[in-house]
4 protein chains.
Amino acid sequence: MQRSKTANQILKAAEALFSEQGFPETTMRQITAAADVNLAAVNYHFGSKQGLIEAVSEKYLSPFCDYIENAVVERLGGSSDKTVTSNELMEMVMRALLEVRQGNAHALSMFMRLLDLSYMKSQTVLREYMFHQYHEKLERFLTLLRDDVSPMEDDEFFWRLHFLMGSMVFTLSNFQTLASIEKNEFDKEVEIENVLHRMIPVLTAGLQARSDKTYFCRL
Amino acid sequence: MQRSKTANQILKAAEALFSEQGFPETTMRQITAAADVNLAAVNYHFGSKQGLIEAVSEKYLSPFCDYIENAVVERLGGSSDKTVTSNELMEMVMRALLEVRQGNAHALSMFMRLLDLSYMKSQTVLREYMFHQYHEKLERFLTLLRDDVSPMEDDEFFWRLHFLMGSMVFTLSNFQTLASIEKNEFDKEVEIENVLHRMIPVLTAGLQARSDKTYFCRL
Amino acid sequence: MQRSKTANQILKAAEALFSEQGFPETTMRQITAAADVNLAAVNYHFGSKQGLIEAVSEKYLSPFCDYIENAVVERLGGSSDKTVTSNELMEMVMRALLEVRQGNAHALSMFMRLLDLSYMKSQTVLREYMFHQYHEKLERFLTLLRDDVSPMEDDEFFWRLHFLMGSMVFTLSNFQTLASIEKNEFDKEVEIENVLHRMIPVLTAGLQARSDKTYFCRL
Amino acid sequence: MQRSKTANQILKAAEALFSEQGFPETTMRQITAAADVNLAAVNYHFGSKQGLIEAVSEKYLSPFCDYIENAVVERLGGSSDKTVTSNELMEMVMRALLEVRQGNAHALSMFMRLLDLSYMKSQTVLREYMFHQYHEKLERFLTLLRDDVSPMEDDEFFWRLHFLMGSMVFTLSNFQTLASIEKNEFDKEVEIENVLHRMIPVLTAGLQARSDKTYFCRL
DNA sequence: AATGAATGAGGGTTCATTCAT
DNA sequence: AATGAATGAACCCTCATTCAT
């Protein structure tokens, strides 16, 4: 056990609250009350609220990236000129997300909220911190993806990646709400795995879509 | 002019701040200072911060839905058995979003943030308020869309719609950040119209994607 | 009444507490409790604790300097080549201090503590703020003083002024303690006027003292 | 080495910080961080923050008083009816202060701040602790001083001593600030010995000043 | 002899809101 | 219609201290 018991209680409580309410709406008092520890404990163990956010960031971003990195290595074996379909690569992402989820029921929502947060204008520090963490580990994955999709310019690829991210971030960070709507509307209890599964063909198709510029530009 | 001058100043200032910082991070003091009005003015004119949020919600959701409703009517003429391609329907959405943008540079980001907010667990009231506003007006549009996409179950369609929403919400509400990354990375100044344009084929393809259940379920 | 009732209550309470306990030891909660106002009132009226300190600074420094400025003008009449004895100038200072005291029993101690505070390394802002306030108003006074004392270099004069200041600051800011020692030791109830009075010949003599460099430098 | 290495590191660090920032503004965390020891070490070695203050108090007050006591003995030889000029006695004080300074660059400022602190209303314990330490050792010194100055009542002498103390306490505890003003204003790098030297004639003259009651009482 | 972990109390500040005018 | 003043509640954080090891 690397972290103290108290620090782990804090992390666990914080993840649940962050996942449900978002980061700014979650207060230190809520966290420490839920973790049944002293209010000062967060600052003792993590320095500040922002420090706690960075700690959960590292806790989940690291394994996520590692999983993908390893999956790529395993898939390629030794050869460096293989290609992998984007469909398969999307599956890897989903499996990596499931890995993240292992530890904790709320982990996945929180992880997605974290990605969302990192794109806020004011969160340049967090954004660069996270980017620094993953950009090397995901390099080969991104190269493989780029190689498989239909030819497009770099910035087109950039935006498409963020369209994908948006789908994931929005539906997974709001999973609780969406699941309850699904329950009311269709009387079905959806599992998060199910949503990950559903995302694969949609994201793949989106990535592969042929750019058609004829219509809209007439606007 | 239905609203008083003060109320309009408040709305304008609030939109810009909501767009940049998000709703919970934006304070009444920031809003009233930017609008150059008294601190109490928001409560006076809109009852509460939540009231102000609902006001901007109505201000932008209404024209958005109206635009789509009208576009559908125009497209269909009188006949009720026509079909419209999903691609064309996506274009309608993008044009509707551009309509929203007319009024104000920040409006689109804010509108997207509003949608995001409405899916928070704690925002049931806002969510139902918004749902109440749009569900009738968008009914025909959704039916047309449903008719054009490959056959799928209702809940599959429900999730796909939210994947689409996610792409829009994430990239447009964080447009400022993404644009500045694009600037740094590719040295291109991207316009929001450009992003809307790029989204059309991706979202259409995502919607149309064939569900392929063979791989992942073995997980 | 320029300031609101609440702001004045705060000032009054703050002066008493600052005078007794010093600035860093005095808390906002103590102040607002003593003033019987809401905790947030200090920040509302003065922006911050530092703002409150600057407000009391201005409140007392201004009349003090004005008194001296006016006293000098009156004494000189129209003529600009008169000389005034340093003894008389010291009396002016003491009378100016009594003026400060008028408003409030604790004002003088607090005013002296304020001077003390302003010489702390960390209080550059306050120091410059205060210096900015008084340096013009006291210019003629200081020139007169300089003219009357035995010839010495500028920096010698600088240090002597601060020796004088030290006598005033130390004994007046700690007047309460010193008075109670006097009570125990000599069974006398000393008034602050009495101390001011006693200071005059001592400070004058100190200022006028002939520099004698023979002894100590052999050290 | 009487004290443990850790305790000495703490003392050294604390002196520097106390000297620069004053006692209440200096935190245990700052001290232990600067001393590179555990946060709990201060309480372990000195019982409390107040205990640490008392420790530095003893560390410097003791040698200071001893120096003066010995200097008086040496000066008097065996005879008990000699007189010593107040000028010479002031020199002794300055030499004693230089002794204090030997150990540590910040010691003198801190020692003066300590005297200042001891006159705070709330520091009765510290004040009596210090008084208890020095009053016997300084008895003969004070008698000699009393004998040399012009005749005055006991309480007049009491106040004059505190005027002197004020000059020393104020200028030496704020030496860093004053030195930097001197640098800016007169472009001179002043040494603390220089200030001590300058104080001698001023303090002596102040002590010796004839009380002149004619003017001010008319106020 | 020494320390990492933890804590209760309290620090200054800011929040959205309300009230009297 | 509008606002300056004021407020209760809550914010994050830091304090000196203690405890188990």
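Protein chains get the first letters and strands the later ones, always in sequence-line order, with residue 1 at the start of each.
In the set E/dT13, E/dA16, E/dT7, E/dT13 carries the atom at the smallest distance from any side-chain atom of C/Lys49.
In this structure, the CD atom of C/Glu25 is 14 Å from the C1' atom of F/dC15, given to the nearest Å. In this structure, CZ of B/Phe46 is placed 14 Å from P of F/dA1, rounded to the nearest angstrom. Remark: C1' of F/dC12 and CZ of A/Phe23 are 17 Å apart, rounded to the nearest angstrom. One can place CD1 of C/Ile31 at 10 Å from P of E/dT13, the figure rounded to the nearest angstrom. Protein atom CD of A/Gln9 is 14 Å distant from nucleotide atom P of E/dA5, rounded to whole Å. In this structure, the CD1 atom of B/Ile10 is 12 Å from the C1' atom of F/dT3, given to the nearest Å. Residue A/Arg29 contributes atom CZ, which lies 11 Å from atom P of F/dC13 at whole-angstrom precision. When rounded to the nearest whole Å, the span between CE of C/Met28 and C1' of E/dG11 equals 10 Å.
Here the closest heavy-atom approach between residue D/Met130 and residue D/Leu115 is recorded as CE-CD2, 3.7 Å. A/Ser19 and A/Arg113 get closest at one heavy-atom pair: O-NE, 2.9 Å. In plain terms, the two heavy atoms of C/Ala34 and C/Leu17 that are nearest each other are CB-CD1, 4.1 Å. Scanning both residues, D/Ser57 and D/Tyr129, for their nearest heavy atoms gives OG-CE2, 3.8 Å.
No side-chain donor from either of A/Gln133 and A/Glu128 sits under 3.5 Å from a side-chain acceptor of the other.
In terms of phosphate contacts, A/His45 brings no side-chain nitrogen or oxygen within less than 4.0 Å of OP1 or OP2 of E/dA5. Residue D/Ser4 places at least one side-chain N or O under 4.0 Å from the OP1 or OP2 atom of E/dA2. Taking side-chain N and O atoms only, C/Thr6 has a distance below 4.0 Å to OP1 or OP2 of F/dA6. The phosphate of F/dG4 (OP1 or OP2) has a side-chain N or O of B/Asn38 nearer than 4.0 angstrom. Note on C/Tyr44: every side-chain N or O is 4.0 Å or more away from OP1 and OP2 of F/dA6. Between C/Thr27 and the phosphate of E/dG11, there is a side-chain N or O to OP1/OP2 separation shorter than 4.0 Å.
Residues D/Ala41 and C/Ser48 each lie close to DNA chain E; by heavy-atom proximity, the contact nearer the 5' end of the strand is made by D/Ala41. In this structure, A/Asn43 and B/Leu39 both approach DNA chain F, and ranking their closest nucleotides by distance from the 5' end singles out B/Leu39.
No side-chain heavy atom of B/Met120 sits under 4.5 Å from any side-chain heavy atom of A/Thr177.
Evaluated for a ring-ring contact (aromatic ring centres under 6.0 Å, His included) with B/Phe18, the options B/Phe23, B/Tyr60, B/Phe111 yield exactly one hit, B/Phe23. Each of B/Gln21, B/Glu20, B/Lys49 was scored for a side chain to side chain donor-acceptor pair (under 3.5 Å) with B/Thr26, with one residue passing: B/Gln21.
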Subject >> Pair assignment for DNA chain E - dot-bracket with | for other-strand partners, Watson-Crick or G-U under 3.5 Å >> reply: .||||||||||||||||||||
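No engagement by A/Thr32 is indicated, since no non-hydrogen atom pair under 4.0 Å with the nucleic acid exists.
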